[in-house]
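If you read the sequence from its start, that first residue is 1, and numbering goes on from there. All values reported here derive from a predicted model rather than from experimental measurement. Remember, it's 1-based here, ligands and their atoms both numbered in the order they're listed. All values below were derived from every heavy atom in this structure, side-chain atoms included, with hydrogens, water molecules and symmetry-related copies excluded.
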Amino acid sequence: MCGIVGYIGKRPAVPVLVEGLKKLEYRGYDSSGIAVLEEGGIRIAKSVGKLAVLEEKLASRTFKSTVGIGHTRWATHGRPSDINAHPHMDCHGDFAVVHNGIIENYLELKQWLIGEGHLFRSETDTEVLAHLVEHFYEGDLEEAVRKTLSRVSGSYATVVLSYKHPDMLVAARKDSPMIVGIGEGEYFIASDIPAVLKYTRNTFIMEDGEMVTVSEDGVKFCDFSGKCREKIIFEVTWDSVAAEKGGYEHFMLKEIFEQPKALRDTLAGRLGNDNVVLQEVDLSPSEVASFQKVAIVACGTAYHAGLIGRSLIERWAKIPVEVDIASEFRYRSPLIDDKTLVVVISQSGETADTLAALRESKKNGARVIAITNVVGSSVAREAHDVIHTWAGPEIAVASTKAYTTQIEGMILLALYLTQAKGTMPQEWITEIISELKKLPEKAEEILKQAYRIEEISKLFTEVYSTFFIGRGLDWGVAQEGSLKLKEISYIHAEAYAAGELKHGTLALITEETPVIALATQRDLYEKTLSNVIEVKARDAKVIGFTFEGNSDFDRSVDEVFYLPETVNELAPILTVIPLQLLSYYVSVARGNDVDKPRNLAKSVTVE
Ligand code: AGP
């Protein structure tokens, strides 16, 4: 997720662009840049690091331009660096582009353009857009952009600036947000409303498949075939803080609702019909065959994603797996050597305990793969291979979209290892891939029922202690659900293997301790049901989560939330969503600081 801005009008463009980028830093902040039109050509300034670094660079330069574009980056392809920062230009400096999204076919386009004589400077996917516009330009900028987009697959919100057309900006969006702000004789283009609120509340919300041209003649919206249309002005009533949350009350709720897109983005370019393609992992079948075990190491929510990954790798790739909390890993004298594949999982990529485990593993000769959400993070730089989650910045301390995309990362890795070892039949892999592609839509179905979870959350507002129970993968998800509730509602919550309750903890179950029971694993459903009955016999209220097909479940519990069906192994990505919502609504009802809960930090960079 990145932030893009464009401006054309009568004000000096640079301050407008920088102000807009500041309001979009929540969308990405590892590097930034601007490009403006001056006599003699396009002037670009860009730098790695926070926006303040770019501001310092700009302070020593003067600009007269009133037309420009800007970008604040959350790196996907190409590590954070001055060269990889946007805007990107064509060979001759006639065109500059900024882009938010993922160009899935950028490698083949780049190879073709290089073959056509184009010279590339960066490692990014975005740069192909500038060279495509150059390739297709024959005097009409809009037409060149239209032809460019017809060759691109993936997601984009992009703005194009051209020295040959100093009086206009051309922009387009597909699967990435973009708005247009309307001032008095001036126009603003941005990823999101906060960037323009200082200047105007009159905006157009662009639709997928729409292009826009802004110039002194006004604003023109057309589809990619060139058919133009009128749009209705959307007057913004939010203040800028609310606008950064996209109208949601908290970043956590926004990030919960961003999960369908985060899930789609993380799969983008990595799934064929019958196989997984992980360009970032370079393991030969013989190297995979040489691994005698996998060691997964992480903290908190990332650790819980690792618990799911263990089951998938053992079931599918038939490799023994250990999962460790990173702060314990180094002190138990783990048996790690060059026959071990170590997988470290970290949203921030900066968690000290996880980083220390990575370094220890490398010292002992292990191959290390990282699953992380931050390109260029310490974990990403020090691992041998990296599977990036494309969830975009996660601002709320309580991790939500990072967890579900980390599980996707584990699924992709498990399938990659399975393909290399040939341990599962092809038709089975094809079925799993087909089901995986349906998850974002099923996540949307669950999110549409958020109101039901808000109702259920009322059962917890005055509660002091609660239990999450489940078997197999449901137990893994129960551990994540209990962490979510603990860390933002401050209720003591404990996750328990449902079959283990009777060995002691059942003594704590009373009518005062509501129990959340997860029962999605079909082979364990009957046994989990009997554990629910055990708990009900101790007068506890039970809130059950199971697949739609288990329609009898409501007879055994006090409240039931039915989940869309999927295969057992993919269920955790869906089951956790109502649990995230539950913790959110309970925390709000208890008047807590949902995004910044007490005692906690987003990234724990100390051991
Ligand atoms: C999750 O809600 C917590 N904020 C915390 O457990 C977090 O998952 C943990 O600190 C690991 O962070 P990382 O993924 O950035 O390494």
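- Considering only non-hydrogen atoms, atom 4 (N) of ligand 1 lies nearest to V397 out of V374, T351, T372, V397.
- More than 12 heavy atoms of other residues, nucleotides or ligands sit less than 6.0 Å from atom NZ of K486.
- Scanning the protein for heavy atoms near atom 1 (C) of ligand 1, the closest one is T301 OG1, 2.9 Å.
- The shortest contact between atom 10 (O) of ligand 1 and any protein heavy atom is with V604 CG2, 4.1 Å.
- Distances below 4.0 Å separate heavy atoms of K484 from the following atoms of ligand 1: 1 (C), 2 (O).
- Between R264 and E441 there is no salt bridge, since no side-chain N of the basic residue sits under 4.0 Å from a carboxylate O of the acidic one.
- In this structure the side chain of F460 reaches within 4.5 angstrom of the side chain of L582, judged on heavy atoms.
- Considering backbone and side-chain N/O of S399, one or more are found under 3.5 Å from N/O of ligand 1.
- Taking a cut-off of under 4.0 Å to the non-hydrogen atoms of A398, the atoms of ligand 1 that pass are 2 (O).
- Using a 4.5 Å cut-off on side-chain heavy atoms (C-beta onward), P564 and E444 make no contact.
- Below 4.0 Å from some heavy atom of S346 lie the following atoms of ligand 1, by number and element: 13 (P), 14 (O), 15 (O), 16 (O).
- Atom 3 (C) of ligand 1 has its closest protein heavy atom at E487 OE1, 3.5 Å.
- Among residues two or more places apart in sequence or in another chain, the side-chain contact (heavy atoms from CB on, under 4.5 Å) test is passed with E360 by R330, K363, N364.
- Exactly one residue among L483, V576, I407, V477 makes a side-chain contact (heavy atoms from CB on, under 4.5 Å) with H304. That residue is L483.
- Between F553 and Y525, the ring-plane angle classifies as tilted under the 30° and 60° cut-offs.
- Comment: E480 engages K484 in a salt bridge, judged by a side-chain N to carboxylate O separation of less than 4.0 angstrom.
- Atom 15 (O) of ligand 1 has as its closest protein heavy atom S348 OG, 2.7 Å.
- C299 O, 3.5 Å is the protein heavy atom nearest to atom 11 (C) of ligand 1.
- Shortest contact from atom 14 (O) of ligand 1 to any protein heavy atom: Q347 N, 2.7 Å.
- With a 4.0 Å heavy-atom cut-off, ligand 1 is reached by no atom of E350.
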